[in-house]
Engineer: 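Please see the structure below; I have some questions.
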Amino acid sequence: MIQILLYFGNHFQMKQQITGLIQAALDTLVQNGSLPADISPRIMVENTRDKSHGDLASNVAMTLAKAARRNPRDIAIMITEALPQSEILTKTEIAGPGFINFFITSASATKVVEDILSQGHDFGRTYVENPEKIQVEFVSANPTGPLHVGHGRGASYGATVADILAATGADVSREYYVNDAGRQMNILAASIWLRYLEHCGANFDFPANGYKGQYVYDIALQVKEKYALSLSHSAESVFSDLPLDEPQGGDKEKYIDALIERCTELLGAEDFDGLFQIGLVAIRDDICDDLAGFGINYQEWFSERSLTGSGDVDQALERLQEKGHLYEKDGNIWFKSTDFGDDKDRVVKRANGATTYFASDIAYHMNKFERGFDKVVNIWGADHHGYITRVKAAIQALGYDPERLIVKLVQFAILYRGTERVQMSTRSGSFVTLRDLRKEVGKDACRFFYVTRKADNHMDFDLELAKSQSKDNPVYYIQYAHARICSVLEKLQASEWQLDEATGLAALSISDNDAEKSILNQLSKYPETLNNAANNFEPHLVANYLKELAGDFHTYYNSNKMLIEDKDLRNSRLILSCAVKQVLANGLSLLGVDAPQRM
RNA sequence: GCGCCCAUAGCUCAAUUGGAUAGAGCAACGCCCUUCUAAGGCGUAGGUUCCAGGUUCGAGCCCUGGUGGGCGCACCA
């Protein structure tokens, strides 16, 4: 991925410079015959883990050892001797099996503070001339009820991935695929109608397979407001001659299907649809509002039903047909996905003429690419991994490069209250909706906790920890660092002193305070942390980064008082703190977490 | 049975994507508030990275085979 960087004084830029120096050294060595001409090393410059290893390090000498048939340490010596002069380096050292360690001048290291202060909110962000258009689709839960806690991780992960991609130069569109077609939605409509009948005074057993949540009653009330009693029918006309429901020893699936059919008969298509729409809109709006409370906003709410209306489904199937990827068997139309690595072929159109959910999915993905996205990212729950192959098969069959579809799976999170596991079943739980979780734990802790682990790892989410207000809780730990800095700056405001950036920078560049060096080093890593997070879809890198930066700051704060008489020390400490504050705020905002002024 | 994901300190998790002596937090123990927010800091202790092989200068990371756990194998959405 080639990107144009607009900032300086960070490790990104340092690495590029040092890579250039090493390349020059290698050219020299090849030219004077010290190294064979046919070497083509990939020069890697990395951050060091240990301060004694300098600021940056390269392993080129080791990677060259074989081709050059020489001891890596000897090669390292040759390279360091051939390095051109540079004002950013104080010295180089050769260490271990053949690492070259680079020590950066403190003036270069301080530069990052200047950049942060001048770039503010933009520090760490990448601007690209022709940004890639990336769509990120996430959550996309069925609109048959409120979001439950199981959706929280996908929501937080997807939103953060989208924001980080946008911060690193992509043109990002966030999308929610609304599964507003299909049987589950009909069951919802029927459930609403039955609750409506109850509101109208009818009395009967609610179907075992119906939606029983409180929200169904609420929606039914809306229906009653709009339709008054015009949709009311007697219990007898509704329930006569139906198969048995499950509690009576029947099949709850057959029962509910029969009930849906009865419902459409009695209401007629138009009224049924009207009722359906009220349910859909109410729940979709509720989900939208819920996610907004999480700080998550979408550019597009894409309706599955619209795919049928627009002809996209037919068009997608026609396209597969033309390319010879469909065949008929047993009256069904099949997509030959086995040609593209799938285990078995898949039905796209049933004998009765109805297209399958998978057919909609094919059309939806075709639609995404037709809208001009360069890349399409789907965030799915881990239980959907079986669909990856068939969807990729379909888009390949349609003539798109399947690499343009990136599916990220999010593993389930298990909720704990202390050591006790929180059951999430609808039956037992007072604690099932995402809204409840947010109300109990708070938006910030929810957002942070959900992205603090790698997405493909299972995670334990401890409610007590998320709610605790102590250093145990990483959210508060980071926010507290930000609030502390704000507090000092407030005190500064009230004092006779004023912040003098030039004095501070000058003093900082000649300081030999170890805590300051650690902070400068950490600040320098922010842009590349964002890039790593974006390139690998790993927002936890940002969360971990912020924990480290906050930790560095707390250490510093504890042993270095800022509002002191010494003008140089005072200003250097203050501007460094301002830089920390800025980067904390930048990072937190990507995670959807507030950076409070005081706590 | 087949496929995907995971396994790291007593617990929850990292490890710059193949680099140097595997790091944080919690829990345990010992310190630091007359000081800008102690919602904080300093220190001690804690490891056969599930097991067995392999690849190479070098493996927690890659390959093969196991063990254990999660998930998925619909003409459901």
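Quick caveat: nothing in here was measured; it's all calculated off a predicted structure. Chain naming here is simple, since letters A, B, ... match the order of the sequence lines and numbering starts at 1 in each.
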Engineer: Please work out whether rC31(B) sits syn or anti, treating a glycosidic angle within 90° of 0 as syn.
Structural biologist: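 Nucleotide rC31(B) adopts anti.
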
Engineer: Is the CD atom of Glu464(A) crowded by more than 12 outside heavy atoms at less than 6.0 Å?
Structural biologist: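 Above 12, so yes.
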
Engineer: Between rA7(B) and rG18(B), how far apart are the two P atoms, rounded to whole Å?
Structural biologist: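 So the two P atoms sit 15 Å from each other.
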
Engineer: If the C1' atom of rA52(B) is compared with that of rG43(B), how far apart are they to the nearest Å?
Structural biologist: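 rA52(B) and rG43(B) have their C1' atoms separated by 40 Å.
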
Engineer: Pair Tyr450(A), Phe461(A) - check ring-ring contact (aromatic ring centres under 6.0 Å, His included), show working.
Structural biologist: CA-CA 8 Å; Tyr450(A) 273 129; Phe461(A) 188 133; 5.0 Å; yes

Engineer: On the side chain of Asn332(A), is there an atom forming a donor-acceptor pair with the base of rC75(B) - under 3.5 Å, no angle test?
Structural biologist: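 For Asn332(A), whose side chain was compared with the base of rC75(B), there is a donor-acceptor pair (under 3.5 Å).
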
Engineer: Apply the test salt bridge (Lys or Arg N to Asp or Glu O under 4.0 Å) to residues Lys525(A) and Glu548(A): give CA-CA distance (whole Å), side-chain angles for both, the deciding distance (0.1 Å), then the verdict.
Structural biologist: CA-CA 11 Å; Lys525(A) 290 181 188 170; Glu548(A) 284 172 26; 5.6 Å; no

Engineer: Please give the nucleotide sitting opposite rG43(B) as a Watson-Crick or G-U wobble pair, both distances under 3.5 Å, or none.
Structural biologist: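 Pair assignment: rG43(B) / rC29(B).
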
Engineer: Is Tyr477(A) stacked on the base of rA39(B), with ring centres under 5.5 Å apart and planes under 30° apart?
Structural biologist: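 No, the aromatic ring of Tyr477(A) does not stack with the base.
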
Engineer: Going by modelled atom types, is there a donor-acceptor pair between the base of rC71(B) and the side chain of His385(A) at under 3.5 Å?
Structural biologist: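 Indeed there is one.
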
Engineer: Quick check on contacts: within residues 444-461 of chain A, what sits under 4.0 Å from RNA chain B by heavy-atom distance?
Structural biologist: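 Of all residues in residues 444-461 of chain A, the ones placing a heavy atom under 4.0 Å from RNA chain B are Arg453(A), Lys454(A), Asp456(A), Asn457(A), His458(A), Met459(A), Asp460(A).
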
Engineer: rA39(B), rU56(B), rU16(B): which one has an atom nearest the side-chain heavy atoms of Lys66(A)?
Structural biologist: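 Of all the options, the side chain of Lys66(A) is nearest to rU56(B).
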
Engineer: Classify every nucleotide of nucleotides 31-38 of chain B by which part a protein heavy atom approaches to under 4.0 Å, writing B for the base, S for the sugar-phosphate alone and - for neither, in 5'-to-3' order.
Structural biologist: ----SBBS

